[in-house]
Each structure stands twice: as C-alpha cells, then as structure tokens.
Amino acid sequence: MYRYDGYDHQMLRDRVAQFRDQTDRFLAGELSDAEFLPLRLQNGLYIQRLAPMIRIAIPYGMLSSRQLRKLAFIARHFDKGYAHLTTRQNIQYNWPHLEDVPELLAQLAEVEMHAIQTSGNCIRNTTTDQFAGVAVDELEDSRAYCEIIRQWSTFHPEFAHLPRKFKIAVCGTAIDQAATQVHDIGIYIVRGPAGETGFRILAGGGLGRTPVIGQEIFDFVEKPHLLSALEAILRVYNREGRRDNKYKARIKILVRETGVELFREKVHEEWRRIKDSAMTLTDAEIARCKAFFEDPDYAELTDKPEALTKQLAKDALFSSWHQQNVRAHKRAGYAIVTVCMKETGVAPGDVTDQQLEHIADLAERYSFGEVRISHQQNIILADVRQEQLAALYRELQSQALASANLGLLTDIICCPGGDFCALANAKSIPIAEAIQRHFHDHDELTDIGEANINISGCMNACGHHHVGNIGILGVDKKGEEFYQISLGGSSKNVASLGKIMGPAFAQEEIPAVIGKIIKVYKSNREPNEKFIDTYRRIGMAPFKETVYAKAD
Amino acid sequence: MPKLIKDRAIAIDRWTLLKVATGPEVLIAIPGKNLIVPLRFWQDYAIELEGYTGDIGIWLDSDETVSEIGDALGEFPLIALNFPVFADGRSYSNARELRERFAYAGEVRAIGDVLRDQLYYMSRCGFDAFSLRHDQDPDSCIAALDDFTTGYQATVAEPIPLFRRR
C-alpha cells in the first residue's frame, strides 16, 4: 500500500499543529462556534448527541495491521473500547473528548492516518472497490489513481469551501462494488479508442434528499489529464453551485438545473484552458503510485487444494461461511475473505478494540499484513491461501467474527441513527437488530439469497437506503419515529433508486413487513432469480398488495 | 480601521473601499483618493471615472467573475475579491483565474470576512494582500501564511505540483 515520504509526513505534522492551535483558540474563546465549525469538520469532528464524534479517513479502504493496532489503541484510550465502520470507507469514534482530539490526531499521524476532510463542505475521502487489485474481473487496479486523487484533493486551496460536501469514487472492475454512480463524481476505468486504459467520468450522482444517478461528463479522459478534468468539474461547481439553500447545494442539483448538456459544455470549456498545465500527470508519477500497489509475493499454488475440499466436506458451518463470505481471487490458490461485521445484536459496522487487534494478527499471518474496509461496513482479508481458509475460519470464530451472512438479508448497511447522530429523525440500529433476529435461520437466509437492506435514520441517507434492494428510512411524524420502506434500489452496474412502497410503519411492525416482502419474492421468483431481478420483473404492485392487505 | 497585510507584512492601506450603493457624486466629494470601486460602479460610471485624479481598483463580489472586467483588467493596479462570509469559497476560484488565466500581475486583495484560518489557502490561490476582519490579530495572521510547509497541488504560489518536485 501507499507509504508516506518526508513530504506527506510534514503535511500531517503541520496539520496536527494547526488543529491543536485552532482547538486551543476555540477553548480560550477566541474562535466562535460558527468559525470553529468548518475547521473542526474538515478534521472530521462533529458535536453529536452524547459527545463529539471523530471520523477518520481510510483512504480507499486500505489498512495495514500496524494501523489496525493503532485504531484499537485509540478505541481503548480515547473511546469506550470500540469503533464504527462507516458506509464510506471511514471509521468513527463516538466518545472522544474535544480537548483530546489533537493528541488523537498526533497518534494517528504516527501511522500515516488522519481525519482530514472526512467532513465539511470539501472533497471527502475517495472510495473504491474493496476488491481492487485482487478481483478477477478487473481492468486495472484503481488504487494508484485513488492515491493520486487523494493527494490532489488534500488541502486543495481552491476547494476548501465548496457549496456542499463532495464525494468521489473510482471503479476499475466489471462489477461495480463502489456505488460509483451515486457519487458527486464517479470514475470508471475503461478502454479508449486505441485500447489503452483511461477514465469515463460521471458527475451529479448522489443520495440524500434528492437521489440521482450520475451523468456522463467525459466519455474518455486519457490518464495524464485526470486531475485537470476533475479540477474543471470542481471549478464550475465551486463557482455555480447553489449556496442559498443547503438542500439544493450538491452538484446533482446544479447539473439538473443547468441541464447536463450545458453543464458538460462549461466543464469542457474550463478543461480546455487548464488541460495542458503543470498538473498533467507524468508517466513517472503514475508509475511511482502504481509501484505501491504491486502484487505481494504470491506463492505458486493451485485452486481447490485437497485440504480445502476435505474441510468443506466435513464441516457444514465452515462450508456455508465459505459459500457466502469467500470470493474468487485473480491468483490461483488464493481467495478473498470478507469478515462480515453484522453479528446479530451488534450495531452493523461496530468493531471492538480486541477484534481490531485480532484482525491485525490474522492479516499478518494470513494476508500479507493488509486489510480493506468496504462501504458495506465489512472488513476484507484480500490475499488468503485457500489451503488456510479453514484455519482462518476457526480463528475468526474465536472472536465472534465468523458471521456467514455476507450479501444476505442480514448483512445490513446501517447508519448510526438516532442512538448517536444529532441529525437523525429516528433510530436505525434497533431496526437492523430486530430484522436480524427475525431472520435468524441461516438456511432460510441462503434460500432467500442475495438481497440487501439499507437503513438510514434520516434524509441525509448515510445508510444509502435509496440503493438498498429494500430501503428503510426513518422519518419523524409529530415526534414519533416511523419507517418508510422502498423497494428496487441497487448500487451495482445497473444502478437504480428504490421506489417508496406506501405509508410508513411503526418500529415494531418492520420485521413482519420485511417478512411479507420476502414471501412475495419467494412465491414469485423464477429459478435462481435474485430479489432485485424478481422485483424488476413483477414490479411494485404484488408487494404492495400483500404488505398493505387488510386483515380479514 | 481595518488591518491590512500585504506581501507578508502589516501595511498601511492607501486605498478607500466604496460600498455597493455609492453613487458617482463621491468622485467629486473625495477627489484625489485611491478608490476600490464595485464592478457595477465601474461599468455604470465609466465617463465620470475618466476624469478622476486618484488611482482606481475594482472589487468583485463572490458571484461576479473576472471575465466581466474584460480587456481593461491590465489597467487596474488592484483587484479586490470579496468574501461576504468566510464559508463562501467562490473568490478562491476568482483569484486563481485572475492569476492563471488572465496572468494578472497587480495586487489581489481579499476583503470582507477574512479570517486567520483561511489565509494559507488564499495565498496559495494568488492573493497577496489581506484586509483582515477587525477582530483578527495581524501578527498571528502573518504566521498563518506558513501553516503548511508545502502542498500537493499546482497553485499560484507553487506552480509546480509536488509530484513534479518529489
């Protein structure tokens, strides 16, 4: 993975010193709340319901075991012994004290980590496919470009006070795992006219109050011109994005109100002016960044070793975990393991200090000392020998990390909701837990197959409810918490936004309602048809009829 | 009296800033000053301005663009860019455009809600003068210009991006 040099370290030290000074001035009353707000937000620091919350960047999801241990240390010393994986490849702590935050940042800086631009109206953490570099269907590893974008967007002086937050995702695989089309800028690595790889760039996607699928702004950008293309989009947005209404300030509204043709024209006009400037990427820089993501020292192995076949035959639990949580790897004899952080009774994405240290150990012993975090709030060991899968499974079991529900109904994406977040209208964690308890039978879950539930506690849509096959949105009705259900969302290649099914439900009704939705799916599905495909074929009506049918 | 930082030092302000609503009668009332006039004032009273004895600069609000000044840009020794509130980031783009697209070499001054913690970014975008909000401490503002040792991007202050300097 990327390693800092003297320049990167210097910038981080400068940042920690700057924030220490800003915090001191705030605590001394020299900075007003309003003035401190954007400064602390650009360091990922929120003031929440119970305590400040700090969000730490995990650039494009990559973590070393050394960094995992530091995160465990922070959970233990600055928090109550746990951390929370977010839906954008970040990690959050819910209980630090404001006056401790500068020291927390200094600790992070020791392991090349930070909270820079994890919040605020600026360019946020760049995200990508959690299987980048090991996926079988990859055109090119996206991580070098993510790192190039990370550096370009970090402390970009022109774009620190945008109309609203700005999120970029990059996808280099055939199957989109990065929800690329619902980002402010979505970048696909594609082949150009001469067969060389470059970028197709979308803009104006997003969730929140007004969910929109991004539209194509560049059909093909050659690699050297990546940063100027991004800068052109950002400059048009910085200048013209609405600043009069925070709910209309995202780039998706600008694209819609301007019209995509005119918006594209403005971007291209700007791009022509800045395209051949010093920010043109050099071959040397691309090669430098790619070198950080070269293959580890793989052994020459073969697929399906005998040891694995035997274990699968004799251990049913291991076999169902293998079926669900293990994916094919580009190298023979290796596998990608997803540790599903969705144990029933634990808030989705929550991870304890002990689990973090355990995973750090496992990463070192089984996967070249690295892990990735996915936007589905899970942790990935990307380079595990197939012959060692059974041993790894047993070690995961010992720390309650062996949930075999990846991609199933109970692998729920969920925001912190009203239990923690000051913005939320309703709780979301108890909803996730009630659904997990309702669907406790593993055979039933595997029979239902791939179907995902996304839960957000408010319109800001941190739980990505619009792109859940089943989306659940917490709403406030005269002081009471209700839940609106939508169907048909997907963040995959054929991205779609869910449609609201009908009137909202009370909290206690949700598990039974999900039960009815699944029943309709099961009685209508064709052989091997996934939930989303059945929904697309039969539409909303049969679901609605059953769910809202009056009891006789 | 607002405090001015110019070329990294506390400076005496030899300019007078005209508010938006000012009419052309001001030119007769205060002759021989150096005036920073709103863009609209310059557009509306070009004839009255011709006979004025002091220097003239223009200030742009954050929703105005440099191209509205057009070919006359080079005649002005100073262009000021306004921050109606510190969180309005449009003037950063205007500053870069002044320097990079139009190669403007005069003074580019930040006016309005100009606070210590923005100065580093402002200077990277091409501002070389800062009319501080009244409550800001000028010495600590000068220090803030060096909050960071270097940056990644190609900017006005450092036209060669870090990846070409590494």
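For clarity, every value in this text was computed on a predicted model and none was experimentally measured. To find a chain, count down the sequence lines: A is the first, B the second, and so on, and within it residues start at 1.
Proximity to chain A (any heavy atom under 4.5 Å) is shown, for B:Asp88, by both the backbone and the side chain. Of the two parts of A:Arg239, the backbone and the side chain both hold a non-hydrogen atom closer than 4.5 Å to a non-hydrogen atom of chain B. Within the 4.5 angstrom heavy-atom criterion, no atom of A:Ala17 approaches chain B. Contacts between A:Gln18 and chain B at a heavy-atom distance below 4.5 Å involve the side chain alone, from C-beta outward. Heavy atoms of A:Glu240 lying under 4.5 Å from chain B are absent altogether. Using a 4.5 Å cut-off between heavy atoms, A:Thr280 contacts chain B through both its backbone and its side chain. If you measure heavy-atom distances from A:Leu31 to chain B, the contacts under 4.5 Å come from the side chain alone. When heavy atoms are compared at a cutoff of 4.5 Å, B:Thr155 approaches chain A solely by way of its side chain, counted from C-beta outward. When heavy atoms are compared at a cutoff of 4.5 Å, A:Leu227 approaches chain B solely by way of its side chain, counted from C-beta outward.
Within 6.0 Å of CG on B:Asp135 lie more than 12 heavy atoms contributed by other residues, nucleotides or ligands. The number of heavy atoms from other shown groups lying within 6.0 Å of CZ (A:Phe292) is above 12. In the displayed structure, A:Lys248 atom NZ is contacted under 6.0 Å by at most 12 heavy atoms of other residues, nucleotides or ligands. Under a cut-off of 6.0 angstrom, the local environment of CZ in A:Arg3 is sparse, with at most 12 non-hydrogen atoms contributed by other residues, nucleotides or ligands. Remark: B:Asp71 CG is loosely packed, at most 12 non-hydrogen atoms of other residues, nucleotides or ligands lying under 6.0 Å away. The number of heavy-atom neighbours closer than 6.0 Å to NZ of B:Lys33, taken from other residues, nucleotides and ligands shown, is 12 or below.
How far CG of B:Leu162 is from CG of A:Asp5: 7.0 Å, rounded to the nearest 0.5 Å. Residue B:Cys125 holds its SG atom at 5.5 Å from CD of A:Glu158, rounded to the nearest 0.5 Å. Taking CZ from B:Arg164 and CG from A:Leu281, the interatomic distance works out to 8.0 Å, rounded to the nearest 0.5 Å. Rounded to the nearest 0.5 Å, atoms CZ (B:Arg124) and CZ (A:Phe155) are 10.5 Å apart.
In terms of heavy atoms, B:Phe163 sits closest to A:Glu285 at CB-CD, 3.2 Å. Residue B:Pro161 comes nearest to A:Met279 through the heavy atom pair CG-CA, 4.4 Å, listed as atom of the first residue, atom of the second, then distance. Of all the heavy atoms in B:Tyr92 and A:His161, the pair that sits closest is OH-CD2, 3.7 Å. For the pair B:Gln153 and A:Trp152, the tightest heavy-atom approach, listed with the atom from each and the gap, is NE2-O, 2.8 Å. When every heavy atom of A:Met11 is checked against every heavy atom of B:Thr150, the shortest pair comes out as CG-O, 3.5 Å. In plain terms, the two heavy atoms of A:Arg243 and B:Ala87 that are nearest each other are NH1-O, 3.5 Å.
When B:Gln118, B:Arg133, B:Met122 are compared by the number of non-hydrogen pairs under 4.5 Å with chain A, B:Arg133 comes out ahead. Among A:Arg13, A:Gln22, A:Glu30, the residue making the largest number of heavy-atom pairs under 4.5 Å with chain B is A:Gln22. By number of non-hydrogen pairs under 4.5 angstrom with chain B, the leading residue of A:Arg235, A:Glu231, A:His156 is A:His156.
When side chains are defined from C-beta on, A:Asp8 counts as touching B:Tyr152, because their heavy atoms get closer than 4.5 Å. At a threshold of 4.5 Å between non-hydrogen side-chain atoms, the residues A:Arg25 and B:Asp117 count as touching.
Ion pairing between a basic and an acidic side chain is recognised when a charged N comes within 4.0 Å of a carboxylate O; B:Arg116 and A:Asp21 show such pairing.
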